Amino acid sequence: MASDTKKFQAIISHCKEYGFIFPSSEIYDGLSAVYDYGQWGSELKKNIREHWWKSMTQFHENIVGIDAAIFMHPTTWKASGHVDNFSDPMIDNRDSKKRYRVDHLIEAHAEALETAGKKDAAEKVIATMESLLATNDYTGLKKFIEDEKIKCSVSGTSNWTDVRQFNLMFSTQLGSVAEDANEIFLRPETAQGIFVNFLNVQKSGRMKIPFGIAQVGKAFRNEIVARQFIFRMREFEQMEMQYFIRPGSQKEWYEFWKGERMKWHVNLGISSDKFRFHDHTKLAHYADAACDIEYNFPIGFKELEGIHSRTDFDLKNHQEFSRKKMQYFDPEVNQNYIPYVIETSVGLDRTVMMLLSEAYQEEDLSTNDKQDSRVVLKFPPTLAPVKLAVLPLTKKDGLPEIGRRVMDICKTRFKCFYEEKDTIGKRYRRMDAIGTPFCVTIDHQTKEDDTVTIRFRDSMLQERLPVSSLITLIESRLQSNN
RNA sequence: GCGGAAGUAGCUCAGUUGGUAGAGCGACAGCCUUCCAAGCUGUAGGUCGCGGGUUCGAACCUCGUCUUCCGCUCCA
């Protein structure tokens, strides 16, 4: 574990040093739990995003993509349950420094009463709590906790702070005149942009159930504690797909998507024992089944993707709040119904972090006479920020001119990088450090027969081949993904 | 949010009992005429996280603040 923590630190440093990820607004000391993607990080992230997008919308004929706005009508968040469930009153015990959700604390107290045979008292406690919560009466809640002599299980005292509200949604104003402005929220999840567009897409696309709507976009959560690099950020990017199905078929589709999504991750070239499913026992308010795909990060197994059977909760609520029918006529069963939904929701930033964790390697290359090592990022070539580096052996004798010609040929096909400074070995190492899978070196023989050497990142081996077959070789490697 | 630790050049760090900062690597420009880092020459970079206070004088003492890490806590 200690060495894993070290590896995690090393990855964070490497990301900063080599232009992958920087703390946001770093010149002003940074902004907590916000990060910026640099020149190579943004390429990597974009490649992952495109890979996911393709695997959803191109490889499945019945899945289409949308790009919904971050701002949504405020009622959206009432219908989705976020207004009620995304802001929890909390209270701290001053002695033990433990923080509790107020409802959890009082519920535990009620349970204790019930166990002690005081069923009526327990019910009364719950009823009082609910009425206080409903009116957001925080002073009353604190007084109630004190009156009931609820104690912290750790310190055993009733030395409580005030009840405080933690709203996990970011809000802002729509409308520039203050008195006319409406409070709106930055979306805490992208899913609702799909649900409110369900009918638009279904009708305009003449979609037949089962079908899916995919989306990639930013979401925002005012986490109480956001930490661990890009694992938990306040602003993050989700890649989600909502799959609309016939009610009653959710079990089977849930299992189907669990399998599909696991395959997707393993197909990134990651060993399957680095993943596991974690089934939720305590289900969110919208779900009848839910699990996470967890990846074994250097900080341990952590959630990478959520797969949720969301029932008809969202569409039903939007129907209720908007008074627009969210129904689908299914000719096969000759019925109108509100579709059920299976959701797959994967964190893009977490996928970036997974690929970095997977790719980062410190290799000892020492021989008997020489100590040597390198840091290499072994990304799958299709996802690597730069595919090919073009490196003239020296910057004389017309080699750079040939290099420029090779660049012109290749740069329209994939991302290339040109470099003529420093020794060839140093340049190889720099390319290893950003995960470039192929380096092409132009040497004096190139002038005679127009052949170059291609050097492979992982094996460090070289082959000589004509410039004319370069693109074919690299593109075939990019397709086979090795 | 609580507790603990840390913050000096891009990175890793040094800086003696307070006297306005150094090294190695890196970067940049050249040279060596070079197929796997650490050869040579030169150059540039720091109001010592930020802001008060003590002092003739603060990187060093003190208070606050920000950020990061570790542990709790929280987590749709």
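Residue numbers begin at 1 in each chain, while the letters A, B, ... track the order of the sequences. Because the structure is predicted, anything quoted here is derived from the model rather than measured. What's counted below: heavy atoms across the whole structure, side chains too, no hydrogens, waters or symmetry copies.
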Validate the cation-pi geometry between A:R261 and A:W264: distance from NZ or CZ to the six-membered ring centre under 6.0 Å, angle to the ring axis within 45°. yes
Looking at B:C72, which nucleotide sits across from it as a Watson-Crick or G-U wobble partner, both distances under 3.5 angstrom, or is there none? B:G1
Of A:H308 and A:S13, the one whose closest nucleotide on RNA chain B sits nearer the 5' end is A:S13
Any base atoms under 4.0 Å from A:A10, or only sugar-phosphate, or nothing? Heavy atoms, all strands. nothing
Is the backbone N or O of A:G217 less than 3.5 Å from a side-chain atom of A:T190, with the two atoms forming a donor-acceptor pair by type? no
Kindly state each residue pair satisfying salt bridge (charged side-chain N to carboxylate O under 4.0 Å, His left out) with at least one member in residues 290-299 of chain A, sequence neighbours excluded. A:R276-A:E294
Across all strands shown, which nucleotide pairs with B:G64 by Watson-Crick or G-U wobble geometry, both distances under 3.5 Å? B:C50
Among residues at least two apart in sequence or on other chains, which ones pass ring-ring contact (aromatic ring centres under 6.0 Å, His included) with A:Y254? none
Counterpart base for B:A59, defined by Watson-Crick or G-U wobble contacts under 3.5 Å: none
Integer angstrom distance from the C1' of B:G52 to that of B:A38: 45 Å
So which nucleotide does B:C31 pair with, by the Watson-Crick or G-U wobble rule with both distances under 3.5 Å? B:G39
Encode nucleotides 24-43 of chain B as B, S and - characters from 5' to 3', where the letter depends on protein heavy atoms closer than 4.0 Å: B to the base, S only to sugar-phosphate, - to neither. --SS-S--SBBBBBB-----
